[in-house]
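Notes to accompany the following structure.
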Protein chains: 2
Amino acid sequence: MPKHAGIHDVARAAGVHPSTVSRVLNARTRHLVTAAVAARVAAAARRLGYTPDPVAAGLRTRRSRAIGVLIPDLANPVFPPIVRGIESVLTDAGYTAVVANTDNEPARARAALERFAARRVDGLVLATALRRDALIARVKALGLPAVLVNRTIEAGAIPAVVNDDAGGIALAVNHLVALGHAAIGHVAGPQRLSTGAARRAGYLAAMKASGIPARGAPVAAARSYDIAAGAQAARALLDARPHLTAIVAANDLLALGCYDELARRGLQCPRDVSVVGFNDMPFADRFSPPLTTVHIPHRLLGVEAARLLLEAIERSGAPAREVRLAPRLVVRGSTAGPRQKPVAPGARLAQRGRRSSPGQPPPRTAAGAPRQRYR
Amino acid sequence: MPKHAGIHDVARAAGVHPSTVSRVLNARTRHLVTAAVAARVAAAARRLGYTPDPVAAGLRTRRSRAIGVLIPDLANPVFPPIVRGIESVLTDAGYTAVVANTDNEPARARAALERFAARRVDGLVLATALRRDALIARVKALGLPAVLVNRTIEAGAIPAVVNDDAGGIALAVNHLVALGHAAIGHVAGPQRLSTGAARRAGYLAAMKASGIPARGAPVAAARSYDIAAGAQAARALLDARPHLTAIVAANDLLALGCYDELARRGLQCPRDVSVVGFNDMPFADRFSPPLTTVHIPHRLLGVEAARLLLEAIERSGAPAREVRLAPRLVVRGSTAGPRQKPVAPGARLAQRGRRSSPGQPPPRTAAGAPRQRYR
DNA sequence: GTGAAAGCGCTAACAA
DNA sequence: TTGTTAGCGCTTTCAC
């Protein structure tokens, strides 16, 4: 059984009343106490190994100093750095971050939210937001300060830290256009998520800005942000438009799905089709080929979200700011100029081992690709 | 301001005494109450949206129903699945998992432990254990039930869920020997960690069992489990033994470091040197070449750890069991038979683009490698 | 089977 | 400046 010294023990040892001990230990009230007494109390506390119980304190003050963090999928490598950013800021501010996984299921998110509410968390960081999210209404009903991170909601009177998704996709599209591509398709993310919708819109806008007509900008949306869904969407996209020379994927996992579908068709990346991802997840530089992608400042996203939340907790009247972080393009080995002649639709596995035709720019292979390390 | 209905509100609404409400809501005491009254109370509770406050309850019962989880590095992809396994078991059992990152720094681990203790967690899951870990003494002094996961301590009277590290490494060594390798080196992990030490010992034992003399089993230990340290160790290893045809790395990140060092020397994997990793981290099948590695059941590791902890909490007299999970080898593209003639020590970048000599078994390339998906 | 009362460890108001 | 008192929301004796 854990045995903790209580405030009474310290008070007895220091020969003062418990409330004095409390005053000494609380930064806001320490100045109300004689230096001599404060020293005596501090000494007794140290001697007894006394740790104030923040839970009991919270019961009285109605502040738990705990923050609930909702993550859609910890196994998606984008989120751990975000979590660490959140955690580091909150810990430094004296809060405890309690993170829960939702597996992208609204029901789990709801359940986790209720557990957080029951534990009387002081605020929430939500990385799970849908564009139209019933959870938000519940959060507001509970009166809990909350900040969204990475994903945001449609009509947002709630602070959020997001990427410039449209701007990031424009970077990708422009990179491909500069390489000489015109037949560029988009494997979009789930349209119920702000990232999926914003990146899709950004793709369409960037294509238009490049003078490519709307019908030359095909899109297939994936049902979720994972490899299998990416492969499925790429398949639909390439079935409809076999002559595409480049694909902009809405995130890196979808890009990996594109890799798979290209391989299945006997097409090589980037020789036959260039692929760009989004997020620059850890190890994206290790893929085969190393993935050209849009880098987002993962950790900073978490840091800013936590700061915004602390701000919202301090003065609850503050307006709901949205912080938008700038992404940047990281060029690796999955993009190259288009081939002179697009591959025939029937091209199959036989082609796999073939070397690039002479006269073409040499394909960038995994080994030869310019490699840029993450971090 | 969050507004929660309290037990008194429910009592008033149901026309009973608060203690009766408490009895109804507590599974252990519900049978002490009339069915009629119980129904009335339940209805009132639902109507008011009453959620019992586990924190206040904990103050009284001295059980917080919270478990602290210490993770060395969430950004290492091995840990998220472990965390999810832990979380799912604990959540189902009515506990809240509070996870903290230690960045592999004992001081942070200690600080996090003290925060956990202050919050009166009911138990701990530690993924951070050093072979000789001062933290453990503190945990025992606090009287907290604890379970180790993945890493364990030297002299262990504390329950743990670990991999059969030696057995896993034997799988790797035997695989290489079967391919015809004899000049096999080991890039070991940090020797202050049980995984680093056990895998090193396993390597030496397996080499010996294969009839390879001890001096033919060179080892270089990395300072930490990351890519840079792996590259550094591989460098030392190859400087000392330039004729190695295979390297067994103590984990996947170290294996990636080996990839880097081989590339730097103008050597190709697996043509010139085969590499085996350990852990089968997510996306290991995506590397270039896809990594042959020892798969460990990440999620199950977490699940078992959580179960063991719950067991330890229920009956604190239980003996400290150690659960050892069996790994399995996953063969991908980073291993192949050795070349007839080892590459000359001076071989350099010029060699990079060279095709494999005729008459050799064709190197397994990324595209052609047998690929086995994780999950 | 139900009500009454005390108290978990702490803080905040008020009194001295 | 320090002590006193009440009570945060709950559980658990103990009476009835």
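Letters A, B, ... mirror the listed sequences (proteins, then strands); counts begin at 1.
B/N104 places none of its side-chain heavy atoms less than 4.5 Å from the side chain of B/Y225.
Counting only heavy atoms from C-beta on, A/N26 has its side chain closest to C/dA12 among C/dG3, C/dA12, D/dT2. Of the candidate nucleotides C/dG9, D/dC10, D/dT2, D/dT2 has the atom lying nearest to any side-chain atom of A/V33.
One atom, NE2 of A/H8, and another, P of D/dT5, lie 13 Å apart when rounded to the nearest Å. Atoms CD1 (A/I7) and P (C/dA12) sit 11 Å apart, rounded to a whole Å. For the pair B/R28 CZ and D/dC10 P, the computed distance is 17 Å after rounding to whole Å. The distance from atom CZ of A/R63 to atom C1' of C/dA12 is 15 Å, rounded to the nearest whole Å. When rounded to the nearest whole Å, the span between CZ of B/R120 and P of C/dC10 equals 7 Å. In this entry the distance linking CG of B/D53 with P of D/dC8 reads 12 Å, nearest Å. In this structure, the CZ atom of B/R62 is 13 Å from the C1' atom of D/dT11, given to the nearest Å. Counting to the nearest Å, the P atom of C/dG3 and the CZ atom of B/R12 are 14 Å from each other.
In terms of position along DNA chain C, the nucleotide closest to B/A56 lies nearer the 5' end than the nucleotide closest to the other residue of the pair B/A56 and A/S22. Residue whose closest nucleotide on DNA chain C sits further toward the 5' end, between B/T61 and A/G58: B/T61.
Put simply, the side chain of B/R23 and the base of C/dG3 share a donor and an acceptor less than 3.5 Å apart. Within 3.5 Å, no donor on the side chain of A/R60 pairs with an acceptor on the base of D/dG9, nor the reverse.
Using a 4.0 Å heavy-atom distance criterion, A/P52 is classed as a sugar-phosphate-only contact. Contacts of B/T34 with the nucleic acid, taken as non-hydrogen atoms under 4.0 Å apart, involve only primed sugar atoms and P, OP1 or OP2. A/S19 comes within 4.0 angstrom of a base, heavy atoms only. Looking at heavy-atom distances under 4.0 Å, B/V55 makes no contact with the nucleic acid at all.
Residues A/E154 and A/R132 are not paired through a salt bridge, judged by the lack of any N-O separation under 4.0 Å between the basic side chain and the carboxylate. Salt-bridge annotation for B/R307 and B/E311: absent, with no side-chain N of the basic residue lying under 4.0 Å from a carboxylate O of the acidic one.
Contact annotation: A/H17 side-chain N/O to D/dT2 OP1/OP2 distance is not under 4.0 Å. Taking 4.0 angstrom as the limit, A/T20 places a side-chain polar atom (N or O) nearer than this to OP1 or OP2 of D/dG3.
In terms of modelled atom types and a separation under 3.5 Å, the side chain of B/R131 and the main chain of B/I153 share no donor-acceptor contact.
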Evaluate the criterion side chain to side chain donor-acceptor pair (under 3.5 Å) for residue pair B/R119 and A/T96; output intermediate values, then yes/no. CA-CA 10 Å; B/R119 287 196 173 264; A/T96 298; 2.9 Å; yes
